[in-house]
Amino acid sequence: MQTLAISGAWVAVSTSLICFNKYLMQPGRFPHALFLTTVHLAVSTAMSLLLYTAAPSLFPSMQRAKEDYKTVLKYIAPLGMLLALALYCSNSAYLYSSVAFLQFCKEGNIAIVFAMSCALGLQVFSWTKLAILSVVIAGCSICATGESNFVLMGFLLQITSQLSECSKNIISEIVMTGAGLKLDVLTFVMFQAPCCLVYLLAAAVVKYTPEVGQDFCAIWPLLLANALNAFVLNVLIALALKKLSTMSCVIIGVVKDIVLVLCSFLVFGSPISQVQFAGFSVIIAGIALWSRLKLQEQSAASEKVPLLLDAKLASVNNNSDKAETATPKDATTSEAWRNQYLWPSQRTQPEEAPESVA
């Protein structure tokens, strides 16, 4: 029941946010992508601070991040520029292209991430992976060629957004792991949002016109609701990463894609040809194969840990059998080595020292 509730909320909020953005970006409402993105990040920053004040337990790594805030900002601040570019281009693309077409393009992100990861040595190239990703790329190409209202500017903006987003995600993984920083999702958002907001505010000051102010005053309640929607989505993603399995997240992603395409067709009346429906089916099949492959890799990797653990413990036991007595240092070392591969609930807890009698 909990899984169903989180999954349904994630799909509903994510779909409503994208459709809301498309609605607001129409001429006569608020067709100002830069300022729409700025409002999003400003509200996310404010809500993150309020949420941390009200429920600090939702930010488990915040204390460590505050103690080493200079290192955190050194790595996160440059990523704010990539995030600002990704969000700005993504929102701008709604002025030219339909939600369905842009969603078809986004499915190619897994191929972009794989290519970048292989180039940086983060993933191992294999022909099996290339064959599966070729299916996804083929589906995206079919959808693009079947677009009846193709606009080059919308396509270029969307591709720029995807390249920026994929680069940000990969660099985030590299620097956060390399710096030894393990931040939870909400803590990461709380640091990243203001860093991104700085770049957006600087651009907004330069690009501001009286027309922007007039449109903002006429529609600010909707803009605020839209920005709150974006923040709620971040909270739901953080909750899903804690509560749901990898397979559940994969299924949610596929369901969300299908719902978005249907909403684009039913709500906005975007024409979707039979060729695009066929191409989208190919994309979904490719993503399913890719997800199955990644789950198999994760399963194989997890199976290696118990084998390594058993081998190491056997080696420790053999060495201790040869010796007449095991020293406390050896026992402590073996337990420490064993604990690093187990969940917290499975780890051996150190015995408490007896209280001294005064």
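Using a distance-only test at 3.5 Å, with no hydrogens or angles considered, no donor-acceptor pair links the side chain of Ser90 to the main chain of Ser161. Side chain of Ser134 to backbone of Leu130: a donor-acceptor contact under 3.5 angstrom is found. Under the 3.5 Å distance criterion, the side-chain polar atoms of Asp184 are matched with a main-chain donor or acceptor of Ser61. Judged purely by atom type and a 3.5 angstrom limit, Gln276 uses its side chain to pair as donor or acceptor with the backbone of Cys143. With hydrogens and angles disregarded, no donor-acceptor distance shorter than 3.5 Å links the side chain of Glu147 to the backbone of Ala144. In this structure a side-chain-to-backbone donor-acceptor pair under 3.5 Å is missing from Lys207 to His32. At least one donor-acceptor pair under 3.5 Å links the side chain of Thr145 to the backbone N or O of Ile142. Judged by distance alone, with hydrogens and angles left aside, the side-chain atoms of Gln158 form no donor-acceptor pair with the main-chain N or O of Cys105 at under 3.5 Å. A distance-only check finds a donor-acceptor pair linking the side chain of Ser164 to the backbone of Thr160 [under 3.5 Å].
Hydrophobic clustering (ILVMFWY, side-chain heavy atoms < 4.5 Å, transitive): Val275 and Val135 are in distinct clusters. Note on Leu222 and Leu34: same hydrophobic cluster, where clusters join Ile, Leu, Val, Met, Phe, Trp and Tyr whose side-chain heavy atoms are under 4.5 Å apart, directly or indirectly. Leu85 and Val189 fall into different hydrophobic clusters, where Ile, Leu, Val, Met, Phe, Trp and Tyr side chains are chained together by heavy-atom contacts under 4.5 Å. Under a hydrophobic clustering in which Ile, Leu, Val, Met, Phe, Trp and Tyr are joined whenever their side-chain heavy atoms come within less than 4.5 Å, directly or via other members, Met153 and Leu163 fall into the same cluster. No continuous path of ILVMFWY side-chain contacts below 4.5 Å connects Val136 to Val282, so the two sit in separate hydrophobic clusters.
Rounded to the nearest 0.5 Å, atoms OG1 (Thr38) and CG (Leu200) are 4.5 Å apart. Atom CD1 of Ile284 sits about 5.5 Å away from atom CG of Asp257, to the nearest 0.5 Å. If you take CG on Asn91 and CG on Leu24, they are separated by 9.5 Å, rounding to the nearest 0.5 Å. Ile170 CD1 to Gln123 CD: the interatomic distance, rounded to the nearest 0.5 Å, is 8.0 Å. Atom CG of residue Leu82 and atom OG of residue Ser167 lie 6.0 Å apart, to the nearest 0.5 angstrom. A distance of 8.5 Å separates OG1 of Thr53 from CZ of Phe59, quoted to the nearest 0.5 Å.
Nearest heavy-atom pair, Cys196 versus Leu41, reported as atom, atom and distance to 0.1 Å: SG-CG, 3.9 Å. Here the closest heavy-atom approach between residue Leu157 and residue Cys89 is recorded as O-CB, 3.3 Å. Taking all atoms of both residues into account, the shortest heavy-atom contact from Asp215 to Arg29 is CB-O, 3.8 Å. Heavy-atom minimum distance, Gln162 versus Gly108: NE2-C, 4.4 Å. The shortest heavy-atom contact between Ser273 and Gly146 is OG-O, 3.1 Å.
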inquiry  = Checking Asn21 against His40 for the side chain to side chain contact (heavy atoms under 4.5 Å, CB included) test, could you report, in this order, the C-alpha distance in whole Å, the side-chain angles of both residues, the deciding distance, and whether it holds?
reply    = CA-CA 11 Å; Asn21 286 340; His40 279 187; 3.4 Å; yes

request  = Would you check, one step at a time, whether the test side chain to side chain contact (heavy atoms under 4.5 Å, CB included) holds for Val113 with Asn169?
outcome  = CA-CA 9 Å; Val113 170; Asn169 292 339; 5.8 Å; no

ask   = Between Gln103 and Ser264, does a side chain to side chain contact (heavy atoms under 4.5 Å, CB included) hold up when you go through it step by step?
value = CA-CA 10 Å; Gln103 195 63 33; Ser264 178; over 6 Å; no

inquiry  = Before you tell me yes or no, could you show the steps for Leu223 and Ile219 under side chain to side chain contact (heavy atoms under 4.5 Å, CB included), namely the whole-Å CA-CA distance, both residues' side-chain angles and the distance that decides it to 0.1 Å?
reply    = CA-CA 7 Å; Leu223 292 174; Ile219 205 172; 3.9 Å; yes

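Defined by atom type and a distance below 3.5 Å, a donor-acceptor pair is present between the side-chain atoms of Asn229 and Ser16.
Side chains of Cys118 and Phe125 form a contact here, defined as non-hydrogen atoms less than 4.5 Å apart. With contacts defined as side-chain heavy-atom distances shorter than 4.5 Å, the pair Asp68/Arg64 does not qualify. Annotation: side chain of Leu36 is in contact with side chain of Met25 (closest heavy-atom distance under 4.5 Å). Leu233 has its side chain within reach of Trp10: a pair of non-hydrogen atoms, C-beta onward, lies under 4.5 Å apart. Residues Ser98 and Asn149 form no side-chain contact, since every pair of their non-hydrogen atoms from C-beta on lies 4.5 Å or further apart. Using a 4.5 Å heavy-atom cutoff, the side chains of Tyr52 and Met190 are in contact. Here the side chains of Cys195 and Leu73 are in contact, with some heavy-atom distance below 4.5 Å. Looking at heavy atoms from C-beta onward, Leu51 lies in side-chain contact with Phe231 at the 4.5 angstrom threshold.
Under the salt bridge (Lys or Arg N to Asp or Glu O under 4.0 Å) criterion, Lys294 pairs with Glu297, sequence neighbours left out.
Tested against Phe191, the residues Ile76, Leu186, Leu79 include a single side chain to side chain contact (heavy atoms under 4.5 Å, CB included) partner, Ile76.
Taking a 6.0 Å sphere around OH of Tyr208, one finds it holds more than 12 heavy atoms contributed by other residues, nucleotides or ligands. Heavy atoms from other residues, nucleotides or ligands lying under 6.0 Å from CD of Glu67 number more than 12. Atom OH of Tyr94 is surrounded by more than 12 heavy atoms from other residues, nucleotides or ligands within 6.0 Å. Phe20 CZ: more than 12 foreign heavy atoms inside a 6.0 Å radius.
Outside the 6.0 Å centre-distance limit, the rings of Phe35 and Phe216 are not counted as a close aromatic pair.
Using a 30° and 60° split on the angle between ring planes, Phe150 and Phe101 fall in the perpendicular class, above 60°.
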